[in-house]
Amino acid sequence: MKKILISGGLGYIGSHTVVELIDRNYDVTIIDDLSNSEEKVLDGIESICGQRPEWIDLDLSDKSKSDDYLKNQNFDGIIHFAAFKAVGESVENPLKYYRNNLFSLLNVMSYLETHKN
Ligand SMILES: NC(=O)c1ccc[n+]([C@@H]2O[C@H](COP(=O)([O-])OP(=O)(O)OC[C@H]3O[C@@H](n4cnc5c(N)ncnc54)[C@H](O)[C@@H]3O)[C@@H](O)[C@H]2O)c1
C-alpha cells in the first residue's frame, strides 16, 4: 500500500483529496496545523471512508519541527496543499504569506531532497 502525505489535508481541497486517496487504498497521513481548518474534518472523512487517517498537528513553516517529524518518515509521495490563500489578506500582509507558503514549501522540498527513492 502506497504511503502518501497530504499537507493541508484538513482544508478544502486537501480533505477531498484525502477521501479520494483512501477510497483508492492509499495509506494517507495528513499534516495540518488547523490554521484554516478544524479537527472535526477528520470526523467527516471517517464517516465517508470508514477509516480515520493519521493526522499530525504541525506547522510546516517551522523548519526544526518539520525536520524532526519528516526525517523518520518514508512517504512514497506528497501532495502539498498547506498554504495561505486569501487574496485580500495576502495584499495587506504579504510577509505573513511569503513566510508561511515559501518556508512550508522549502521544508517539504528539503525532505524530498534527502529521501530520494
Ligand atoms: N480553493 C481553490 O479553489 C483553489 C484553487 C486553486 C489552487 N488552490 C490552492 O490549493 C491550496 C489549498 O487550498 P484550499 O482551498 O484547500 O485552502 P484551505 O485553506 O482550505 O486549506 C489549506 C490547509 O492548509 C493548512 N495549513 C496552512 N498553512 C499550514 C502550515 N504552515 N502547516 C500546516 N498546515 C497548514 C490549513 O490549516 C488548511 O487546512 C492553496 O495553495 C491554494 O492556493 C486552491
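Side-chain atoms are counted along with the backbone in the values below, which use heavy atoms only and exclude waters and symmetry mates. Counting convention: from 1, in listed order, for ligands and their atoms alike.
For ligand 1, the atoms lying closer than 4.0 Å to a non-hydrogen atom of S104 are 31 (N). For ligand 1, the atoms sitting less than 4.0 Å from at least one non-hydrogen atom of L60 are 30 (C), 31 (N), 32 (N), 33 (C), numbered in the order shown with element in parentheses. The contact set between ligand 1 and A83, taken as ligand atoms under 4.0 Å from a residue heavy atom, comprises 22 (C), 24 (O), 27 (C), 28 (N), 41 (O). With ligand atoms numbered from 1 in the order given, ligand 1 contributes 23 (C), 24 (O), 25 (C) to contacts under 4.0 Å with heavy atoms of G8. Numbered from 1 in the order shown, with element, the atoms of ligand 1 that lie under 4.0 Å from a heavy atom of L58 read 32 (N), 33 (C). Applying the 4.0 Å criterion to heavy atoms of S61 picks out, from ligand 1, the atoms 31 (N). Residue contact check: L10 has heavy atoms under 4.0 Å from atoms 39 (O) of ligand 1. Within ligand 1, counting atoms from 1 as listed, the ones closer than 4.0 Å to a heavy atom of S37 are 37 (O), 38 (C), 39 (O).
Per-atom contact check: atom 7 (C) of ligand 1 does not touch the protein, criterion being a heavy-atom distance below 4.0 Å.
A donor-acceptor pair is defined here as one N or O able to donate and one able to accept, closer than 3.5 Å; such a pair exists between the side chain of S66 and the backbone of L60.
In terms of protein heavy-atom proximity, atom 11 (C) of ligand 1 is closest to F81 O, 3.6 Å. With respect to atom 19 (O) of ligand 1, the closest heavy atom belonging to the protein is N36 ND2, 2.7 Å. Nearest protein neighbour of atom 15 (O) of ligand 1, counting heavy atoms only, is K85 NZ, 2.9 Å. Looking only at protein heavy atoms, the nearest one to atom 21 (O) of ligand 1 is G11 CA, 3.4 Å. Annotation: atom 28 (N) of ligand 1 to nearest protein heavy atom, N100 ND2, 3.0 Å. Nearest protein heavy-atom contact of atom 20 (O) of ligand 1 is Y12 N, 2.8 Å.
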Residues N100, D59; criterion side-chain contact (heavy atoms from CB on, under 4.5 Å); working and verdict: CA-CA 9 Å; N100 192 56; D59 175 1; 4.1 Å; yes
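Residue D32 holds the heavy atom nearest to atom 37 (O) of ligand 1 of all those in N101, I79, D32. Selection from I13, D33, I31 by nearest heavy atom to atom 30 (C) of ligand 1 gives D33.
Across all their heavy atoms, K3 and Q73 have their closest contact at CE-OE1, 4.4 Å. Between L58 and D33, the shortest heavy-atom distance links the atoms O-CB, 3.5 Å. When all heavy atoms of I45 and P53 are compared, the closest pair comes out as CG2-CD, 3.7 Å. What you find for F81 and G14 is that their closest heavy atoms are CD1-CA, 3.6 Å. Across all non-hydrogen atoms, the minimal contact from I22 to C49 is CG2-CB, 3.7 Å. The two residues L34 and E39 have their closest heavy-atom pair at CD2-N, 3.7 Å.
Using cut-offs of 30° and 60° on the angle between ring planes, the pair F75 and Y111 is perpendicular.
Residues E89 and Y97 bring a donor and an acceptor atom of their side chains to less than 3.5 Å of each other.
Both the backbone and the side chain of S35 come within contact range of ligand 1, each with a heavy atom under 4.0 Å.
Heavy-atom neighbours of Y69 OH from other residues, nucleotides or ligands within 6.0 Å: above the threshold of 12.
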